[in-house]
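Below, chains carry the letters A, B, ... as their sequence lines are ordered, and counting in each starts from 1.
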There are 2 protein chains.
Amino acid sequence: MLSHAHIWRALDTLAERLGLSASALARRAGLDATTFNRSKREAPDGRPRWPSTESIAKVLAATGTSLDDFMALMDGSGRRAIPLIGFAQAGEGGFFDDAGFPVGGAWDEIAFPNVGDEHAYALEIAGDSMLPLYRDGDVVVVSPAAPIRRGDRVVVKTREGEVLAKELKRQTARTVELRSLNPEHPDRMLQDGEIAWIARVLWASQ
Amino acid sequence: MLSHAHIWRALDTLAERLGLSASALARRAGLDATTFNRSKREAPDGRPRWPSTESIAKVLAATGTSLDDFMALMDGSGRRAIPLIGFAQAGEGGFFDDAGFPVGGAWDEIAFPNVGDEHAYALEIAGDSMLPLYRDGDVVVVSPAAPIRRGDRVVVKTREGEVLAKELKRQTARTVELRSLNPEHPDRMLQDGEIAWIARVLWASQ
DNA sequence: TGATGAATAGGAATTATACCCTATTCCCGC
DNA sequence: GCGGGAATAGGGTATAATTCCTATTCATCA
């Protein structure tokens, strides 16, 4: 919801709406004219660079823009449908990129507006292997960007294409220990190299 | 607008709603625990210091908070928040009307918009009696207006003032059978006259 | 009461962003 | 085509935010 791309798009859109260039907008806000240069939006090594909160505050003050207006420029609406697929399908190829972000057009959608991660997606549970926590038909909302700590419920995809929902038991430099949600299933230990990505479960439908 | 005080108040309020300290919120967002220290909010000479846009984005992503909700925390309007109380408090009088809708001003709030039911509310789980499904500190979002079917997780309030979270096992004209979430606890059967209201659990934080 | 862990204050080191400067491109009017 | 102004790319410097570290306070628990 608040991403590098969103912030810069909102600044560009605001400037355009006021009939200003990026440099003119910066100047009007009392900032250096090159602050919003496109060449300053990424570091030389490709890492994203963000405008500071204070710079944004100055722009809003200088242009008489409310925070609500600015937010509306980011992606139009606050409520958003997030992509949804079945848990079994997630193991097939073509639904995720290397970072575990959803890609491709084969996703269904579910209305769930309250997610801070624009790459969040939803998985529909199939089968009874994750009882008693998740039941057949439940929907879990997953954030690939959220940091993960011990005790979090997580979705793990292995390099072999297997998709697991587990609780993070222990994480070391080389290994990840996962506790099964269903106590009848054994716990699982994965080496770092075996894991394609791990994403945290934020919410679960009941 | 977007002021130094607003930003820090929003971060503090967000942390408070999630039951976190300033340092715990920073840690959850993958930042250094001292990033949001009060001692870091002003420079030694008194000039204001702002959290970076990137840090705010990380907080939103890590907590599943939308920008909408975050802004609501700034101006204090809370327009998209839903009411929240602790599970234990729900048994006391004064929080619900006869239909099971939340009433009164003693509710806290949590950012979780758009569940589709304007009377929806949230309960914070306390204790381990509902393990393994709900853990201490989890938040469940409850809809008193949602229709209830067999297998749904429900919150039931008895006329005696007891509040239970159970799974609906069977419902007949005169009785309601409830399965305990913790298998070590016995199931429960209630007569129609014993029940004040039943509400369905829609979502549970993970 | 003592031990433990979380939270916080405060200082030094690191890293990121804003500023300043220059070169180049683009647009527009002449 | 030419000149002037704005816009932008890119690099060095200054400044601000984050991280890292330590000391202290506070709450909790045995």
Visitor: Within the 4.0 Å heavy-atom criterion, would you say B:Arg41 contacts the bases, only the backbone, or no part of the nucleic acid?
Guide: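 No contact.
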Visitor: Select one nucleotide: of C:dG10, C:dA7, C:dC20, the one nearest the side-chain heavy atoms of B:Thr34.
Guide: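 So the side chain of B:Thr34 is nearest to C:dG10.
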Visitor: As a test of reading the structure: which of C:dT17, C:dA7, D:dA17 is closest to the side chain of B:Ser23, going by heavy atoms?
Guide: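 Of the options given, the side chain of B:Ser23 lies nearest C:dA7.
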Visitor: Nearest heavy atom decides the nucleotide; on that basis, is B:Ala33 or B:Ser52 closer to the 5' end of DNA chain C?
Guide: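 Upstream on the strand: B:Ala33.
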Visitor: Quick one: which of B:Glu194, B:Glu177, B:Glu162 gives a salt bridge (charged side-chain N to carboxylate O under 4.0 Å, His left out) with B:Arg188?
Guide: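 Passing option: B:Glu162.
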Visitor: Under 4.0 Å, counting only non-hydrogen atoms across every strand here, what does A:Ser55 touch: a base, just sugar-phosphate, or nothing?
Guide: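 A:Ser55: backbone/sugar contact only, no base atoms under 4.0 Å.
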Visitor: Report the C-alpha distance between A:Lys166 and A:Ser180 in whole Å, list the side-chain angles of each, state the deciding distance to 0.1 Å, and finish with yes or no for side chain to side chain donor-acceptor pair (under 3.5 Å).
Guide: CA-CA 5 Å; A:Lys166 302 277 184 186; A:Ser180 282; 2.6 Å; yes
Visitor: Please give, in whole Å, the distance from D:dT18 P to A:Trp50 CH2?
Guide: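 Going from CH2 in A:Trp50 over to P in D:dT18 covers 13 Å.
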Visitor: Can you find a donor-acceptor pair, distance only, under 3.5 Å between B:Asn37 side chain and C:dA9 base?
Guide: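 Pair found.
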Visitor: Counting only side-chain N and O atoms of B:Arg49, is one of them less than 4.0 Å from OP1 or OP2 of D:dA17?
Guide: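 Answer is yes, contact under 4.0 Å.
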Visitor: Can you tell me which nucleotide in C:dA9, D:dA9, D:dT8 comes closest to the side chain of B:Ser39?
Guide: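 The nucleotide sitting nearest to the side chain is C:dA9.
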Visitor: Can you tell me which nucleotide in C:dC19, C:dG11, D:dA7 comes closest to the side chain of A:Lys40?
Guide: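 The closest nucleotide is C:dC19.
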Visitor: Counting just side-chain N and O atoms, does A:Arg47 come under 4.0 Å of either OP1 or OP2 of C:dA16?
Guide: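 For C:dA16, OP1/OP2 do have a side-chain N/O of A:Arg47 under 4.0 Å.
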Visitor: Phosphate oxygens OP1/OP2 of C:dT8: is one of them under 4.0 Å from a side-chain N or O of B:Arg38?
Guide: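 No, because none of the side-chain N or O atoms of B:Arg38 sits under 4.0 Å from OP1 or OP2 of C:dT8.
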Visitor: For A:Ala43, which contact category applies under a 4.0 Å heavy-atom criterion: base, sugar-phosphate, or nothing?
Guide: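 Nothing: the residue A:Ala43, judged by heavy atoms under 4.0 Å, touches no strand.
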Visitor: Are any side-chain N or O atoms of B:His4 and backbone N or O atoms of B:Arg41, one a donor and one an acceptor, separated by less than 3.5 Å?
Guide: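 Checked: pair present.
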Visitor: Looking at A:Asp152 and A:Val154, would you say the former's side chain and the latter's main chain have a donor-acceptor pair under 3.5 Å?
Guide: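 Not a single qualifying donor-acceptor pair exists.
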